[in-house]
There are 4 protein chains.
Amino acid sequence: MARTTDKEAKRKQIIEAALKVFARKGLSNFKMAEIAEEAVVGKGTLYEYFRTKEELIMGSISQFMMEFEEYVMAQIVAVDGPVEKIERIVQASCEYCLKNEEQLDAMLDFYAVGIPRSGGGPALMDLAPRYRSVIQWVGDVIQEGIDKGLFRKVDPESVASIVVAVLDGFIFQAAIGVLKMDPQKLSASLRDTIVNGLLKETEQGRI
Amino acid sequence: MARTTDKEAKRKQIIEAALKVFARKGLSNFKMAEIAEEAVVGKGTLYEYFRTKEELIMGSISQFMMEFEEYVMAQIVAVDGPVEKIERIVQASCEYCLKNEEQLDAMLDFYAVGIPRSGGGPALMDLAPRYRSVIQWVGDVIQEGIDKGLFRKVDPESVASIVVAVLDGFIFQAAIGVLKMDPQKLSASLRDTIVNGLLKETEQGRI
Amino acid sequence: MARTTDKEAKRKQIIEAALKVFARKGLSNFKMAEIAEEAVVGKGTLYEYFRTKEELIMGSISQFMMEFEEYVMAQIVAVDGPVEKIERIVQASCEYCLKNEEQLDAMLDFYAVGIPRSGGGPALMDLAPRYRSVIQWVGDVIQEGIDKGLFRKVDPESVASIVVAVLDGFIFQAAIGVLKMDPQKLSASLRDTIVNGLLKETEQGRI
Amino acid sequence: MARTTDKEAKRKQIIEAALKVFARKGLSNFKMAEIAEEAVVGKGTLYEYFRTKEELIMGSISQFMMEFEEYVMAQIVAVDGPVEKIERIVQASCEYCLKNEEQLDAMLDFYAVGIPRSGGGPALMDLAPRYRSVIQWVGDVIQEGIDKGLFRKVDPESVASIVVAVLDGFIFQAAIGVLKMDPQKLSASLRDTIVNGLLKETEQGRI
DNA sequence: AATGAATGAGCATTCATTCAT
DNA sequence: AATGAATGAATGCTCATTCAT
């Protein structure tokens, strides 16, 4: 059991180092040696935990994405009401980005890794399923709003797409430095713009 | 007299080949030799037009971005009315992506290139100014809507940020394959969700 | 623990191989791959010990020059008397060239490397200090001869310049094949021509 | 006839440019393009006059050596007396180096070109015959001195070797910057050191 | 298990040379 | 005859990966 824990801990340690290096150098410029140095292990050790560079990249990104998702989900479970849920998902996403400001620089790279190439093999990592599930989840919230008579009868999936798109767009704008990742301001702004537009006339101004 | 050449034309030819290769292989995996082959020129020729691989990348992306911008701008000049302008910018953006579906795969890479790295030099290409000007432009449209009494008194810049963010987010979703780039549908969807939310109560349903 | 290596020994091994290749191909025609092959190491290994080709060249030449100097110095320490010292330095220099006959071919290249270029950076290697110290040393011997009343009152430095010049000239003549590097003959010849001319009339024929 | 003159003139023009570039960059670092630029002709033109880079190098060095020799010879023809001849050859050599101070930087390279390589082809240029003839000529002068009863009965060829060696050594010392090419001083110095040593005792102090 | 010295496939880049104009 | 755009063979150097210790 101790063995497993040790192994797992060192793997985490390497991934943490990797994410730092990704942020600093970008996914296409970092070297395995840099990660080894950052993780304070030998180059050879990396290969005890990841078979190839590619696997280390995928492993690290997966880990990051998973923690992102977990964080957001954890912030949401206790929230009631569709409007609040959407507000909270925006806030939580921004919060996570802020807490991992360093990673922000690398997130676009993470996204790019998910692009399938027409020529050559498939995407290094298939982001689509994860993406669909997020959109699905947001769509359910929208549907919930409609069902509760709060929202107009919009197409839940389309709106969900938009909400998720805004979040990604914010991340990009923050990464290039034209937007400040302010959870309160951005969630308020999104609420005022999108959620308001979703509310039925009779509901507007009430919430 | 020596062999005469239209330098500008050959430069374009190389850039076109480069963009194709970028889409196929991604910005971090392509080889100069591939571009030479695609452009049907010798490897050495590439270096007659671009001093380094990096410069070729930047030149090609710049060209792409510029053409993107030009296309969208051209589609917009003749449009009147804030709502129509926003609708049209979404449509035009989608159209250009559709016309260059091949490039779509590479666009996330293009974005990633614009991320400044905390460690090491600056971003390969500074997208911020271009971005700010687009947001500014959309913001002006929003302001126009407010001035005309069409829109509620929102913060123009925040809304502009959101609109632009949605466009980028759409591009990403299309790239990973969870969204279809349908100009009509997406612009209608955006209009129904965002623009509606911007309209004053008295205006809703009229436009 | 990792594969352990005597870094210093391997460095020597590479330098030895390099000097062989220099002699065979000349400083401007050799390829790194040739040195790797001669040293029976991988190309990459060369770069573990020398950052660039230039550094490998400089390191190897430095080493050669140093060993040359050490050899000559070692042959001289025990020698008494100015005339004998000069004779011995000539002999020792020739001996070293003979023992390293292979290198002889490359020595002119080594010299050329020390030439500072008016345009562009400084010389790859500054031979001037080392040169001045040798001339200084020979000058001291001449001075000693004058002080002891053996030599005429000549300018020690000028004569030292000449002696050193002759040695270099010999190396060149040997390299192009118009002179045989015969320590006995050359030192005798130099003694008969130069040293004799330095002796006071009263001393001539005595020594 | 005009044709020939033009051709010959342009050839000279190229060689002159080449020598300048050699001095600036060294024989192993210059590029054909640099020579074309310096000569203010197109790259292609170089190949109208020299089949290859190597041929251009050889042609230029030959030209330089020939002019060197011609200059020295011209300065010597009218000189009488072995001592004066030797003094004059030293002076003339220094003078030429001074007049072509720029080339001085490249002369070691020229020498190096004459070194035959054990492995690979022969020397790019065989300096031996030219060298032997110079040594021969100096040897004849020494012999003349002996015959006239001025010099001791030394081995003419050995002494000639030394004299020529000194000249080359001076050039090297001047190139690396430890010696000033002063015709008067150097010839006087050489005369005082070598020639004096050659004089018979009865002649010393007379000349 | 951990390491880092060794490796060589792989790639950006250079530059002598060609040849259409 | 003169040119310089085009070319690709050649080469320095990198870095993921291996493996002896």
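We use all heavy atoms of the structure for the numbers below, so side chains are in, but hydrogens, waters and symmetry mates are not. Lettering of chains follows the sequences in order, A, B, ..., and the numbering in each one begins at 1.
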Distance in angstrom units between [X] [atom1] and [N] [atom2], rounded:
X     : N      : atom1 : atom2 : value
D/E37 : E/dC15 : CD    : C1'   : 15 Å
C/M32 : E/dT7  : CE    : P     : 14 Å
B/L46 : E/dC11 : CG    : C1'   : 13 Å
B/I35 : F/dT7  : CD1   : P     : 15 Å
A/I14 : E/dA2  : CD1   : P     : 8 Å
C/R51 : F/dG12 : CZ    : C1'   : 16 Å
B/F50 : E/dT13 : CZ    : P     : 13 Å
B/E34 : E/dA12 : CD    : C1'   : 13 Å

> Counting just side-chain N and O atoms, does D/K10 come under 4.0 Å of either OP1 or OP2 of F/dA2?
Replying inline: yes
>> Looking at F/dA2, I'd like to know if its phosphate oxygens (OP1 or OP2) sit under 4.0 Å from a side-chain N or O belonging to D/Y49.
In response: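 Answer is yes, contact under 4.0 Å.
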So which nucleotide from [options] ends up closest to the side chain of [X]?
X     : options                : answer
C/T5  : E/dA12, F/dT3, E/dA5   : E/dA5
A/E48 : F/dT18, E/dT3, E/dA12  : E/dT3
A/K31 : F/dA16, E/dA16, E/dT13 : F/dA16
B/K43 : E/dT18, F/dA10, E/dA12 : F/dA10
D/K53 : E/dA16, F/dT7, E/dT14  : E/dA16

Hey, does the side chain of [X] reach the backbone of [Y] with a donor-acceptor pair shorter than 3.5 angstrom?
X      : Y      : value
C/S62  : C/M58  : yes
A/K31  : A/N29  : yes
B/N100 : B/Q103 : no
B/Q13  : B/A39  : yes

>> Let me spell it out: for each of B/E54 and C/G44, pick the nucleotide of DNA chain E with the closest heavy atom. Which residue's pick is nearer the 5' end?
In response: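 Here C/G44 is the residue nearer the 5' end.
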>> Using heavy-atom distances to pick each residue's nearest nucleotide on DNA chain E, tell me which of C/V40 and D/Y47 is more 5'.
In response: C/V40
> For B/K7 and C/T45, take the nucleotide of DNA chain F holding the closest heavy atom to each; which residue's nucleotide lies nearer the 5' end?
Replying inline: B/K7
> Closest approach of D/A18 and D/L56, non-hydrogen atoms and distance?
Replying inline: CB-CD2, 3.7 Å
>> Does the structure show a Watson-Crick or G-U wobble partner for F/dA5, both distances under 3.5 Å? Name it, or say none.
In response: E/dT18
> Partner of E/dG10 by Watson-Crick or G-U wobble geometry, both contacts under 3.5 Å, or none?
Replying inline: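 Paired with E/dG10, as far as the under-3.5 Å criterion goes, is F/dC13.
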